[in-house]
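A quick write-up on the structure given underneath.
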Amino acid sequence: MATDTLKRTPGAGGATGGLRRLLLENGALTALIVLVIAMSALSGDFLTTDNLLNVGVQAAVTAVLAFGVTFVIVSAGIDLSVGSVAALSATVLAWTATSHGVPVFIAVLLAVATGIAAGLVNGFLIAYGKLPPFIATLAMLSVARGLSLVISEGSPIPFPDSVSHLGDTLGGWLPVPVLVMIVMGLIAAFVLGRTYIGRSMYAIGGNEEAARLSGLRVKKQKLAIYALSGVFAAVAGIVLASRLSSAQPQAADGYELDAIAAVVIGGASLAGGTGKASGTLIGALILAVLRNGLNLLNVSAFWQQVVIGVVIALAVLFDTLRRKAGATPSAAGASPGGKGKQAGTYALAAVVTVAIVGATSFLHNGSSASADRKMGLSLSTLNNPFFVQIRAGAMAEAKKQGVDLTVTDAQNDASQQANQLQNFTSSGVGAIIVNPVDSDAASNSVKAADKADIPVIAVDRGVNNAKTSALVASDNVAGGELAAKSIAEKLGGKGKIVILQGQAGTSAARERAQGFENGLKAFPGIQVVAQQPADFDRTKGLDVMSNLLQAHPDVQGVIAANDEMALGAIKALGSKAGKSVSVVGFDGTPDGLKAVEGGSLYASVAQQPTQLGRIAVDNALKALDGEKVQQTVKVPVKVVTKENVAGFSG
């Protein structure tokens, strides 16, 4: 799909030819209009002021990142590091301002300078080191993410209040992130269309050798191009952290793919030479409308990924068909009346959209059901059996109670979860249940729900600095202490063990690690020879444990912060598991309990996740009915071993 001004194809006359040209020349805009109309017809909650502002906020970070990536793609490059650079820049700002007392203005400049420095390194490696852009920026992706984790020590850092206002609203209704997106978009459009470096981008992307022979200093221009991408990444990181009130070391993970997708959907060619800021903005809005609408329609989070992938593929296919049809992009600024024509096209599109959407809105007048029996459940991830069980327990109870429950998957992304919670709030659900990716990052969204008089129940993890009706959870710290005690007693109070930690930056990882540490203090004979994160993932648990065994072949015990990592460690240990090496997991998942029964896993600290889900729905209903709800509802944890696994039910 392209939004570039295209040369008219001879022979296409009449009304039909004009409509065909309009669709071909403005494919991304046409797709956005169709999406808005479709979502308005399918969901009565989509076309509300609050929800449309949500779409703008949710598009903001992706759009700002994508504006920077547009510079790179127009010049026939690629930048895979923007998500990590955004996280690093935000971390530098928070770290310098809060931990070292640097004035906020200087801290902001340091954050932007961090983005510039990362971009310059990318540009130097590509222009002077002759590395392919894919390789150079892939390396920076890893370096920037690693530095973010090193600086933050794997934990979120509170954001300065004066900068956090970037995540607020003006006048109580206009979101500041939307304003930032508009300003950065205007800057990107100005750079591309009105500056020497912008013209250089098109020249390099069109034919780098010809640009060099014409006297263009290609190497220096590439330095500037990637530095600009770094600036936009830094601004995006600051806006994202402001929304979450904290700098998250794992923030913006995978956002580089969304940014590239927005640029491509907006009409830019990965071969270089074409692309516009307006097209990139439309691409970012398409992604935001898709995610928002699919959330409102209660489409599975897994299918959402499929739909978005199909849209990206169709965008590239449409661009190919357009070029085969003879529509070729003209040089930027080559058409004298191009800008006026484009403005007229956008105005006409807006009028048509408003008219059709206004008509479809009558479909929902008077037909909206009461929201009292509607609930939203936002889980940190569904790529983990523990949270799948929470969902199963919640859905079973919701069905029993006649509740319409919408479940979303944040995929361990605090920003995505914030979007989902905003969607729930704007759609007017009766209650919200949240399993926070991060306890601090969820606070602003929970405050917004509270302001809308929507009760919020936290499950498994609490929400900091915000009011919730109840917390339904087991104690991760106490569970960690039980895990440490179990392994120590199994080893007779002395021996060498390793600890597989959870995903850095998550509250569960921090709390369980604290419990392990507390529990082992009572057993000075236990020596922890290594501690490494394996991100709650079975495959990473296998890899990390395999590596640790090379350095510590005499290890006698393993504590893993969840059953998935424990099962990976068992695979790495092979025949040693359950015999010369004892392994303790956490969560009591079905696979974990099966391993306990088989003897390869010594114990699992079981949290009874189906009970967590069931009790969360029950408490949400009580809060809706105005009944008194306990502030904290504790579901007891239990150490499950081979001796008692037969009688245990999670």
Side-chain angles (χ1 to χ4, degrees), residues 35 39 43 45-46 48-66 83 86-87 90 166-169 175-178 180-181 236-237 239-246 248 250-255 257-259 261-262 283-305 307-308 311 376-382 406-429 432-438 440-449 451-452 454 456 463 466:
L35 270 176
M39 294 303 178
S43 173
D45 297 318
F46 179 80
T48 63
T49 301
D50 286 344
N51 191 62
L52 292 179
L53 289 174
N54 280 346
V55 171
V57 171
Q58 292 165 23
V61 173
T62 299
V64 174
L65 281 177
L166 283 174
D168 295 339
T169 57
V176 176
V178 174
V180 175
M181 175 179 69
V239 172
L240 176 59
S242 298
R243 284 192 65 205
L244 304 177
S245 296
S246 63
Q248 305 273 326
Q250 293 287 6
D253 187 18
Y255 279 34
L257 301 181
D258 276 358
L285 288 173
I286 286 174
L287 292 175
V289 167
L290 266 175
R291 288 197 170 103
N292 176 270
L294 293 173
N295 277 167
L296 295 178
L297 295 172
N298 198 15
V299 175
S300 162
F302 304 139
W303 279 108
Q304 288 185 31
Q305 295 301 308
V307 171
I308 291 169
V311 168
L377 167 59
S378 176
L379 289 166
S380 56
T381 180
L382 283 173
T406 299
V407 182
T408 60
D409 175 10
Q411 299 176 356
N412 279 325
D413 182 343
S415 175
Q416 188 167 331
Q417 184 165 66
N419 294 342
Q420 293 167 355
L421 294 175
Q422 285 182 331
N423 292 343
F424 287 149
T425 300
S426 63
S427 65
V429 297
I432 294 173
I433 303 171
V434 59
N435 161 238
V437 172
D438 181 83
D440 293 312
S443 62
N444 285 345
S445 300
V446 172
K447 287 176 182 176
K451 188 176 179 182
I454 299 174
V456 178
V463 179

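All figures in this text were calculated on a predicted structure; none of them were measured in a lab. The residues of the chain are indexed from 1 along the displayed sequence.
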*asked:* With rounding to the nearest 0.5 angstrom, report the NZ to OG1 distance, Lys447 to Thr425.
replied: 14.0 Å

*Looking only at heavy atoms, what is the nearest atom pair of Ala262 and Ala284, with distance?*
CB-N, 3.6 Å

*When you measure from the side chain of Asp409 to the backbone N and O of Leu382, does any donor-acceptor pair fall under 3.5 Å?*
yes

*asked:* How close do Ala241 and Ala90 get, counting heavy atoms only, and between which atoms?
replied: CB-CB, 3.8 Å

*Between Arg243 and Ser415, which heavy-atom pair has the shortest distance, and what is it?*
NH1-OG, 3.9 Å

*Gap separating the CG atom of Asn292 from the CG atom of Leu285, nearest 0.5 angstrom*: 11.5 Å

*Validation row: Met39, Leu296 side chains within 4.5 angstrom (heavy atoms)*: no

*Is the backbone N or O of Ser378 less than 3.5 Å from a side-chain atom of Gln420, with the two atoms forming a donor-acceptor pair by type?*
no

*How close do Pro175 and Leu53 get, heavy atom to heavy atom, and via which atoms?*
CD-CD2, 3.8 Å

*With the side chain counted from C-beta on, respond yes when Leu294 and Trp303 share a heavy-atom pair under 4.5 Å apart, and no when they do not.*
no

*Under 3.5 Å, is there a donor-acceptor pair between the Asp50 and Ser426 side chains?*
no

*asked:* How close do Ala87 and Ala251 get, counting heavy atoms only, and between which atoms?
replied: CB-O, 3.5 Å

*How about Asn444 and Ser245: does a side-chain donor come under 3.5 Å of a side-chain acceptor?*
yes

*asked:* Let me confirm one number: the CG-OG distance from Asn295 to Ser43, rounded to the nearest 0.5 Å.
replied: 10.5 Å

*asked:* Quick one about Gln58 and Asn423 (side-chain donor to acceptor, distance below 3.5 Å, no hydrogens or angles considered), yes or no?
replied: yes

*Pairwise side-chain contact, Leu290 with Val307, heavy-atom cut-off 4.5 Å (strictly under)*: yes

*Is there side-chain contact between Arg291 and Thr408, with heavy atoms separated by less than 4.5 Å?*
no

*Do Val456 and Val463 touch side chain to side chain, with heavy atoms closer than 4.5 Å?*
no

*asked:* We want to know whether Gln248 and Asp438 form a side-chain donor-acceptor pair, criterion being a heavy-atom distance below 3.5 angstrom.
replied: yes

*Drop me the distance from Leu35's CG to Ile286's CD1, to the nearest 0.5 angstrom.*
6.5 Å

_Least distance between heavy atoms, Leu287 atom then Ala261 atom_ = CD1-CB, 4.3 Å

*Leu244 and Asp440, any side-chain heavy atoms less than 4.5 Å apart*: no

*Side chains of Phe46 and Leu297 in contact at under 4.5 Å (non-hydrogen atoms)*: no

*If you measure from CD1 on Ile432 to OG1 on Thr406, what distance do you get to the nearest 0.5 Å?*
11.0 Å

*With distance as the sole test, does Gln417 use its side chain to make a donor-acceptor pair with the main-chain N or O of Asn435 at under 3.5 Å?*
yes

_Under 3.5 Å: donor-acceptor pair, side chain of Asn54, backbone of Gln422_ = yes

